[in-house]
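Everything below concerns the one structure shown next.
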Amino acid sequence: MRCLALWLLALLSLIRVAAASETAGLGSIDALALFRWLDTPDPPLLLDVRGRKAYLSGSVPGALDAGKDPAGFLPDSRGGDVVLILAEGVEPEPWRERLADFGYRVHILAGGMGAWRAAGFTVEKPAEGFVQPGTVPFLIPRGICELNEPAEVYD
Amino acid sequence: MFQRRLIRWLWLVTVLTTGNVTAGQITAEEKENQPCAECHAGIAESFAGTRMAIAASERFRRQWQDRESPDYCMNCHAPSGGEGLVCADCHGPGPHPYAKLDVPEVCARCHDAPGENTVRQFRQSPAARKGMNCLDCHLPDKKSGVDHRFEGPSVSGFLDNVAKLRLNMRLDESRGPTAVIQVSHRAGHALPGGTTGRAVWSVVKGLKADSAVAWTMSKRFGWEHHPVQGWLDRTLKPGRAAVLELDGLARGDTVRIRAELKYRFRAGPLDREDPREVGLDAVELGLP
């Protein structure tokens, strides 16, 4: 009996959590739910649409800078789920329409970067970890399996 | 000779009829004096088919015997001598009962060396947070109790759907179209996992109307060796997509771009052929 009550309690709290993320707004997702979603084998595509400066000053790890103008963004046609990181006060509708045209299901990070930061999740400065293809010459090693000898310089 | 065969035969009948092997039917002495395969035939057979079992094959030895310190290599490739790993390299010297192995600790000895951090990366992966371990992905049939196949990228099909490319375009007024690419993967550690001998390449090509290649830009993910800093980890981390941006796409009559992701079994440059290369993903997008 005690056991059953505990199960019910656990179930109720689960439902409450689910409801909480729903009330964040239609099609929106809270920071914790996004964090969990990103931690699955099928994460959504993350688009930061706050503009270059805001993007470079720190974004959700893995987010792409899609620019500020929905008409100036061309997604691939693979569709799927996309989560938008909007600047405060920006209307999501133009983005929603643009992406829906390419077959995307659009979700919005409730509270934007502010909510992500407040939740204490990692903020990445894309400029730091940014990979610039082909810009730096680098050594390709033969590997530990070949006694650490650098094998060839490649650029 | 005949007697030994008879015993073995009788034992087999017992196993087959009871469907189980129990300690009572076999003396401790028997267990320690016979090759493991005598009793653990299924396991021995499935392990014999792995790369680990032939990690120091004849060919490997011929190729590497003139190295200065073959011992260093054999620490991982054949710690007990022979063609490759044997049972004791993971299970210890025995005797029965063998302790239950701690995974991934037991793998770390060889899969977490300098220039190799498969186990460390695993600990920070979504897979680990979900409570999975190495065996969930590398022993496809581990529930059977006999599976020791330890499958990896050398097994065809293993790399299916492992990584995904997203190719988008941003139209900056000042810079012209910029390709915004995201690379994500679902391995339970970095991609490529394992040692420095593997690499993953993203290759982006500008294509003309007749599909001729106008330009190519490539980026390598894997280990690099810096003359001063030593090993640099440039692998794709688990659970965190990597982002690439490329501009200057319109040059050379380019009408569309194609992005490819390739898994290579050799560390070196792309123009050196790798017959085992596997395409992980590819996607195209027309220039506006």
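Per chain, numbering begins at 1; letters A, B, ... match sequence-line order.
The most heavy-atom pairs under 4.5 Å with chain B, out of A/Leu47, A/Asp65, A/Thr40, come from A/Asp65. Here A/Pro75 is the residue among A/Gly67, A/Ser77, A/Pro75 with the most heavy-atom pairs under 4.5 Å with chain B. When A/Asp76, A/Leu45, A/Leu38, A/Thr122 are compared by the number of non-hydrogen pairs under 4.5 Å with chain B, A/Asp76 comes out ahead.
Shown are B/Asp247, B/Leu246, B/Leu249; of these, the side-chain contact (heavy atoms from CB on, under 4.5 Å) with B/Thr178 is made only by B/Asp247. With B/Trp201 as the partner, the side-chain contact (heavy atoms from CB on, under 4.5 Å) test is satisfied by one option alone out of B/Glu277, B/Glu260, B/Arg264, B/Lys219: B/Arg264.
Residue pairs that meet the side-chain hydrogen bond (donor to acceptor under 3.5 Å, both in side chains) test with at least one member in residues 179-189 of chain B, sequence neighbours left out, are A/Asp42-B/Arg186.
Salt bridge status for B/Arg240 with A/Glu124: present, with a side-chain N to carboxylate O gap under 4.0 Å. A salt bridge is absent between B/Asp274 and B/Arg276: the closest approach of a Lys/Arg side-chain nitrogen to an acidic carboxylate oxygen does not fall below 4.0 angstrom. Using a cut-off of 4.0 Å between Lys/Arg side-chain N and Asp/Glu carboxylate O, B/Glu245 and B/Arg170 are scored as salt-bridged.
A/Leu64 places none of its side-chain heavy atoms less than 4.5 Å from the side chain of A/Asp48. By the 4.5 Å heavy-atom criterion applied to side chains, B/Val200 and B/Leu261 are counted as neighbours.
Residue-environment remark: CZ (B/Arg251) exceeds the threshold of 12 foreign heavy atoms within 6.0 Å. Taking a 6.0 Å sphere around CZ of B/Arg51, one finds it holds 12 or fewer heavy atoms contributed by other residues, nucleotides or ligands.
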Apply side-chain contact (heavy atoms from CB on, under 4.5 Å) to residues A/Leu99 and A/Phe73 and explain how you reach the verdict. CA-CA 9 Å; A/Leu99 292 162; A/Phe73 183 71; 4.2 Å; yes
Going through the checks in order, is the side-chain contact (heavy atoms from CB on, under 4.5 Å) test met by B/Phe221 and B/Arg234? CA-CA 5 Å; B/Phe221 300 98; B/Arg234 303 262 197 254; 5.7 Å; no
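For the residue pair B/Thr235 and B/Trp223, no side-chain donor N or O sits within less than 3.5 Å of a side-chain acceptor on the partner.
For A/Asp69, no part lies under 4.5 angstrom from a heavy atom of chain B.
Proximity to chain B among residues 78-94 of chain A is limited to A/Arg78, A/Gly79, judged by heavy-atom separations below 4.5 angstrom. Interface with chain A: from residues 127-139 of chain B, residues B/Arg129, B/Lys130 qualify, criterion being any non-hydrogen pair under 4.5 Å. Annotation: residues 280-288 of chain B contacts chain A through B/Asp281, B/Ala282, B/Val283, B/Leu285, B/Gly286, B/Pro288 [non-hydrogen atoms, separation under 4.5 Å].
Note on ring orientation: taking the six-membered ring where Trp is involved, the planes of A/Phe35 and A/Trp116 are tilted (angle from 30° to 60°).
To the nearest 0.5 Å, the span separating NZ on B/Lys205 from CH2 on B/Trp215 amounts to 11.0 Å.
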